[in-house]
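Accompanying notes for the structure given below.
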Amino acid sequence: MLTYNSLSEEQHEAVDLCADRSKMLVGVTGEAGSGKTSVLKFVHDQLCEDESAHIALVAPTGRAAKRIQEATGIPAKTIHRFMRWSVPVDDEDSGLPAYDKFNKYPFNTVLVDEASMMNEELYRALIDALPPRGVIRFFGDANQLPPVEGKSPFLQLLEKFPSIRLTKNFRSDDGIVTAARQIVSGRVPESNSQFTMLNPGTGNMLPAVMQFIDDSFRGLGSQLIIPTKVGKYGCEALNNHLQQKLNENKKHLVIKYKDKEGHDDIRKFKIGDKMIWTKNDYKLNLFNGMIGWVEDLDDDTGEIVLNIEDKSIVIPTHIESYNADGRAIFQYDPRKNISLAYAITTHKAQGSEFDRVVLLLNRSYVLNRANFYTAVTRAKKTATVVLGAGALATALKK
């Protein structure tokens, strides 16, 4: 059992820095295997010794919140749920938090995990609603991908406020951590018992990928990760291919939309399909990044029944949002938030962990060292990388 005395010197410094309530904001960063989760647990326990401390543990996504709760035993929520974010007023709006600079949340201590995923909106909302003499502690990996929306406020926080970078590797015998640290330094990662790279050469990459895909990729323990959503080897194309290969169920439902550019968006779902929810929906209590399965389909009504976190949830064809007078403000189809998840992007995988990861690395404008590192560190047991032409050089150079 890990004790406070068994922590490294830099971990002690991190715990002591975070426990100092004279500092409002503190950042802790470190690569995979550097002991961030252990520090967070000891920070929580030390702050709990103060009877006046009212502590909350939060993370940007539901999957990240669940992971840190499992790792520490501390109850955790998404930042949106913690801030009691409102239902949007229209389909393009993001809603507003119930807590703000005029209505502070009833916690004087907030611990934020996976802070590298946090965008500027979440960062500002947390700080604005912090009560007087309250403190926030941010934990994250500065080497991971920044939020989709742009620059990472976590990186800016590490420069402007008291912070510490954990450098010691506590998992030196872990082949995935070893490969990840080589990637961060810009070196070609070496194959080992847990990490393998395959270069199939020019031509069709699908056969090379498919030799590593089996029925386990229908479950939560195995995941195909691809940097991009579109293109010949993007998530959309691979999901359609894997749906045919892994799900022979004949019963299906086809849904047709128009995307923002007016192009046809045709989606086909089968019972048993692995799926991911792609947008926070407070009426259905579903949040971006949740992964589950299609449990049932209704041909007559168009409803889809999902199984997420062992709960059956009926997704209707439309939901209406009402104002205070009881009049409908707007109507939307929540089924748009369902996507196949046999393959997901690196951004969608961030905050999650899988026993087994297959990474299809193809040259694209989003491919860089952070993307490569983030994808590999989603694996707990094995990571297999299938390389497209020139992809490795692109991933390590940028």
Side-chain angles (χ1 to χ4, degrees), residues 29 31-32 58-68 78-80 94 112-123 138-155 180 183-184 217 220 222-231 233-239 242 259-260 274-281 286-292 308 336-354 357-380 383 385-386 388 391 394-395 398:
T29 188
E31 297 172 12
V58 300
T61 67
R63 292 277 294 177
K66 184 177 182 181
R67 187 200 64 80
I68 192 61
T78 63
I79 297 175
H80 280 88
S94 60
V112 183
D113 193 41
E114 294 288 358
S116 62
M117 298 174 63
M118 182 179 54
N119 61 27
E120 186 67 29
E121 180 185 31
L122 295 181
Y123 176 70
F138 297 90
F139 299 82
D141 187 340
N143 296 298
Q144 287 192 23
L145 283 171
V148 178
E149 293 84 355
K151 292 184 178 180
S152 170
F154 180 58
L155 296 182
I183 292 168
V184 164
F217 282 77
L220 301 180
S222 301
Q223 187 61 56
L224 174 61
I225 298 176
I226 306 173
T228 59
K229 182 179 179 181
V230 298
Y233 299 113
C235 285
E236 291 180 352
L238 268 293
N239 270 318
L242 291 172
D259 62 21
K260 293 180 180 180
K274 184 177 180 180
M275 51 68 55
I276 185 169
W277 192 261
T278 61
K279 190 175 181 180
N280 293 332
D281 191 304
L286 292 173
F287 299 92
N288 184 18
M290 286 183 166
I291 299 177
I308 298 179
K336 287 184 177 181
N337 301 330
I338 306 171
S339 292
L340 294 176
Y342 300 108
I344 60 176
T345 63
T346 312
H347 265 114
K348 289 296 184 186
Q350 199 168 0
S352 300
E353 286 185 331
F354 309 93
V357 165
V358 172
L359 172 60
L360 172 54
L361 213 60
N362 202 24
R363 288 182 66 182
S364 69
Y365 71 96
V366 300
L367 182 56
N368 55 29
R369 201 178 301 175
N371 200 305
F372 191 13
Y373 170 84
T374 303
V376 168
T377 53
R378 299 311 91 205
K380 291 191 290 184
V385 184
V386 179
T394 299
K398 294 172 64 178

**Q.** For the student: nearest non-hydrogen atoms of Pro227 and Val366, plus distance
**A.** O-CG2, 3.7 Å

Q.
If you count every heavy atom of other residues, nucleotides or ligands that lies below 6.0 Å from Arg369 atom CZ, does the total exceed 12?
A. yes

Q. Under 4.5 Å between any side-chain heavy atoms of Leu361 and Phe372, yes or no?
A. yes

**Q.** Pairwise side-chain contact, Arg378 with Leu359, heavy-atom cut-off 4.5 Å (strictly under)
**A.** no

Q) Are Met117 and Leu122 side-chain neighbours, meaning at least one heavy-atom pair lies under 4.5 Å? A) no

**Q.** Separation between CZ of Arg363 and OG1 of Thr394, rounded to the nearest 0.5 Å
**A.** 4.5 Å

**Q.** Short side-chain donor-acceptor distance under 3.5 Å, Lys274 and Gln223
**A.** yes

(Q) Please report the interatomic distance SG(Cys235) to CD1(Ile344), rounded to the nearest 0.5 Å. (A) 7.5 Å

Q) Which pair of heavy atoms, one from Phe138 and one from Ala115, lies closest together, and at what distance? A) CB-CB, 4.0 Å

Q) Does Lys380 have any salt bridge (Lys or Arg N to Asp or Glu O under 4.0 Å) partners at least two apart in sequence or in another chain, and if so, which? A) Asp355

Q: Please tell me if the side chains of Ile291 and Leu220 come closer than 4.5 Å, counting only heavy atoms from C-beta onward.
A: yes

Q) Are any side-chain N or O atoms of His347 and backbone N or O atoms of Asn371, one a donor and one an acceptor, separated by less than 3.5 Å? A) no

Q.
I need the minimum non-hydrogen distance between Ile226 and Ala343, along with the two atoms involved.
A. CD1-CB, 4.0 Å

(Q) Quick check for you: to the nearest 0.5 Å, what is the distance between Lys279 atom NZ and Lys336 atom NZ? (A) 9.0 Å

(Q) Testing the basics here: between Ala391 and Leu367, what is the closest heavy-atom pair and its distance to 0.1 Å? (A) O-CD2, 3.6 Å

Q. Does the side chain of Asn288 reach to within under 4.5 Å of the side chain of Trp277, using non-hydrogen atoms?
A. no

Q. So which heavy atom on Asp113 is nearest to which on Pro60, and how close?
A. O-CD, 3.2 Å

Q: Apply side-chain contact (heavy atoms from CB on, under 4.5 Å) to Leu286 and Asn337, showing your working.
A: CA-CA 10 Å; Leu286 292 173; Asn337 301 330; over 6 Å; no

Q: With side-chain contact (heavy atoms from CB on, under 4.5 Å) as the test, would you mind laying out the steps for Phe217 and Val358 before giving the verdict?
A: CA-CA 10 Å; Phe217 282 77; Val358 172; 3.6 Å; yes

Q.
I need the minimum non-hydrogen distance between Thr377 and Ala32, along with the two atoms involved.
A. CG2-CB, 3.9 Å

Q) Any side-chain heavy atom of Glu114 within less than 4.5 Å of one from Thr61? A) no

**Q.** Residues which pass side chain to side chain donor-acceptor pair (under 3.5 Å) with Ser352, listed by chain and number, not counting sequence neighbours
**A.** Arg63

**Q.** Residues which pass salt bridge (Lys or Arg N to Asp or Glu O under 4.0 Å) with Asp141, listed by chain and number, not counting sequence neighbours
**A.** none

Q) Are any non-hydrogen side-chain atoms of Phe139 and Ile68 less than 4.5 angstrom apart? A) no

Q) Heavy atoms, side chains only, cut-off 4.5 Å: are Asn143 and Thr29 in contact? A) no

Q) Ser152 and Gln144: side-chain contact (heavy atoms from CB on, under 4.5 Å), yes or no, with the steps? A) CA-CA 10 Å; Ser152 170; Gln144 287 192 23; over 6 Å; no

Q) Quick one: CD1 on Ile308 to CD1 on Ile338, what's the gap to the nearest 0.5 Å? A) 8.0 Å

